[in-house]
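Just below is one structure, and these are the notes that go with it.
Protein chains get the first letters and strands the later ones, always in sequence-line order, with residue 1 at the start of each.
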Protein chains: 2
Amino acid sequence: MDDDGSVLTETPERQQVKGTQTLLRGLAFLECVADGVGDVKGIAARLGTPRSTTHRMLSSLVAEGYLHHVPYKGYLLGPKLIALGGKALEQRPLVALARPHLEALARYTCDTVHLGVIEGAEVFYLDKIPGTRGLEMRSRVGYRMPLASTGLGKALMLGLPRNRWRALYDRAQELSASVPDRPPLAPWPEFEERLARYVGDGWSFDLEENEIGIRCVGAPVRDIRNRVAAAVSVASAVPYMPDDRMAELGPIVRATADAISKELGWTPELTPNGPR
Amino acid sequence: MDDDGSVLTETPERQQVKGTQTLLRGLAFLECVADGVGDVKGIAARLGTPRSTTHRMLSSLVAEGYLHHVPYKGYLLGPKLIALGGKALEQRPLVALARPHLEALARYTCDTVHLGVIEGAEVFYLDKIPGTRGLEMRSRVGYRMPLASTGLGKALMLGLPRNRWRALYDRAQELSASVPDRPPLAPWPEFEERLARYVGDGWSFDLEENEIGIRCVGAPVRDIRNRVAAAVSVASAVPYMPDDRMAELGPIVRATADAISKELGWTPELTPNGPR
DNA sequence: GCAATTGTCTCATCATATGGGCATGCATCT
DNA sequence: AGATGCATGCCCATATGATGAGACAATTGC
């Protein structure tokens, strides 16, 4: 049993598995393939399993439809994962409730609409409705982004205590540094000042801070306890997003977010102005 | 390898597993939860595992993010499955290649656009772009439907040999009978005759056969070997889909499908008229 | 052509998951 | 309100089931 620390995967915490390391190992295969390592040798090296075991596990996963196998070429994630991902979305009442509102917003704006929630220090994209202007966003359902980098994420940050903003800002900046084509964030004082303003407004802007050429307007969705449970955003290319349109869009996006909030049991009276 | 048509709804028991029954069992938990069985007792009963084991496995899956646990309420599919589902889609070159074409089609028609492939006797929804007319489709990425029930599925059937049509027709009719609010299929002779006509046209219609009030136009996508690899469809409510518009849409949907086909290496010259 | 990688199989070994049992605490029923 | 059912969490002896080395065939690519 690989008790030495030679498994240098992404998992930082070594969990003291209670009695399912076969299952966990199998799941590790999935994540390995998800990360683009599709060849047997690479997988075996990454997980530290001998070829025999690697083959056995991969075969089982293929047989169950969790992986797709192209002989002598490699492994890809399988259709069952697509299906389970879809079901996972259906099981989230938030997604089902938000859909009609997101569609209405997409129809009104003709731009790409996103729904996301916080996961750790990142925003997790739960739903996406592509815009009808013919430009592609590389976001996808299941995608992640640092909170401080996107309008969606910043809307989510509005619900967090201010003393946590800095850490998230730093986190996003780390990623900006590591990825070459990513624009830098605004300087911290300016960033904080803007975010403070967004708290008062009830919506947030992203001015090409995440991706050059893309601007976006976001707003937080609150649950029955007035906690930020999700966020909505509208994104489009700069030519479609002049300053005055963004100013118009702010209240509209907020209205959509509030409508979803109401579906979650939120009552607007409790927050005439000011968060939490 | 989709040669055996004996894949029933679910594999009840198979025992020729080579050596990963722990892993397979764990995956069975996921599918169990996916089917809506979220309580411990139900899961244990369904899979025949004692409570101890059930808990241990569920805990591991929760710890890994594959399941989400609401204490004393039940289990739901977790965020990691959403993420893996998204990655699984990204890894399919078909989805990435088709996206721009689907978006263009959605933009042009203002209606809901679907992309699907064959899986067994069903159509598997790989992508969906909601229409901008404000009506909701209950389809979702990862969804399944009998091939013969939908315009998308019928487009896929155009690539199958005619002697397999009947079996798929019967299969769809079984489901129609079991689900109460599902409209019946057209009688077989008429169904076959229509499908034969669609082969010549290169597109297919669905006249409220799958869902009352929904009409749809589909067309097959072919790969480099001229085999049907996927299908595209446009769906909308009847008021938006009069006969003459459907007739117009046929060549347009086909053109979109052909454009995707070309991205897959398909060459139109090989099929002036007539399939395979 | 050769070399490297992958697929398929067997088998002895022992590590691994098993599942019964029991204690605690939450939730729903009457 | 009280009471029962159910979920959760943990221990541990057992044998079941996964392990991994090895050998060979099939395939790709150079």
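The environment of B/R51 atom CZ is sparse: at most 12 non-hydrogen atoms of other residues, nucleotides or ligands sit within 6.0 angstrom. Atom CZ of B/R99 sits in a crowded spot, with more than 12 heavy atoms from other residues, nucleotides or ligands closer than 6.0 Å.
Counting any heavy atom pair closer than 4.0 Å across all strands shown, A/T53 reaches a base atom.
Residue B/H55 has no polar side-chain atom (N or O) positioned under 4.0 Å from OP1 or OP2 of D/dG9.
Per the geometry, CG belonging to B/L47 stands 15 Å off C1' belonging to C/dG19, to the nearest Å. In this entry the distance linking CG of B/L24 with P of D/dG17 reads 12 Å, nearest Å. Between B/R25 atom CZ and C/dG19 atom C1' there is a gap of 10 Å when expressed in whole angstrom units. Residue B/M57 contributes atom CE, which lies 14 Å from atom P of C/dT16 at whole-angstrom precision. Rounded to whole Å, the distance from CG on A/L58 to P on D/dG20 is 14 Å. Rounded to an integer number of Å, the gap from B/L67 CG to D/dA7 P is 16 Å.
For B/Y75, whose side chain is taken as the heavy atoms from C-beta onward, the closest listed nucleotide among C/dT18, C/dG7, D/dT8 is D/dT8. Proximity note for A/K41 (side chain, C-beta onward) versus D/dG17, D/dG20, C/dT5: the nearest is C/dT5. With D/dA18, D/dT8, D/dC6 as the choices, the nucleotide that has an atom nearest any side-chain atom of B/Q21 turns out to be D/dA18.
Within the 4.5 Å cutoff, the side chain of B/L81 has heavy atoms near those of the B/Y66 side chain.
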Return the polar atom pairs (N/O with N/O) between nucleotides 20-22 of chain C and the protein under 3.5 Å, or none.
unit_1	atom_1	unit_2	atom_2	d
C/dG20	N7	B/S52	OG	3.3
C/dG20	O6	B/S52	OG	2.8
C/dG21	O6	B/S52	OG	3.2

N/O-N/O pairs, protein side and nucleotides 26-30 of chain C side, under 3.5 Å:
unit_1	atom_1	unit_2	atom_2	d
C/dC26	O4'	B/Y72	OH	3.4

Residues 114-124 of chain A, side-chain donor-acceptor partners within the protein, below 3.5 Å, at least two apart:
unit_1	atom_1	unit_2	atom_2	d
A/H114	NE2	A/S139	OG	2.6
A/E119	OE1	A/R144	NH1	3.1
A/E119	OE1	A/R144	NH2	2.7
A/E122	OE1	A/R144	NH1	3.3

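Residues passing the side chain to side chain contact (heavy atoms under 4.5 Å, CB included) test with A/L175, sequence neighbours excluded: A/P146, A/S178, A/V179, A/R182. Applying the ring-ring contact (aromatic ring centres under 6.0 Å, His included) rule to A/H69 yields the partners A/Y75; only residues at least two apart in sequence or on another chain are considered.
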**Request:** Using the side-chain contact (heavy atoms from CB on, under 4.5 Å) rule, take A/R164 and A/M157 through it: C-alpha gap first, then chi angles, then the decisive distance, then the call.
**Result:** CA-CA 9 Å; A/R164 291 187 55 191; A/M157 286 176 72; over 6 Å; no
**Request:** Any chance you could lay out the side-chain contact (heavy atoms from CB on, under 4.5 Å) test for A/W266 and A/I224, step after step, and finish with the verdict?
**Result:** CA-CA 4 Å; A/W266 174 76; A/I224 193 166; 6.0 Å; no
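Nearest-nucleotide positions on DNA chain D for A/T49 and B/H69 put B/H69 closer to the 5' end.
For the salt bridge (Lys or Arg N to Asp or Glu O under 4.0 Å) condition, the pairs that include at least one residue of residues 71-98 of chain B, sequence neighbours left out, are A/E31-B/K80, A/D35-B/K87.
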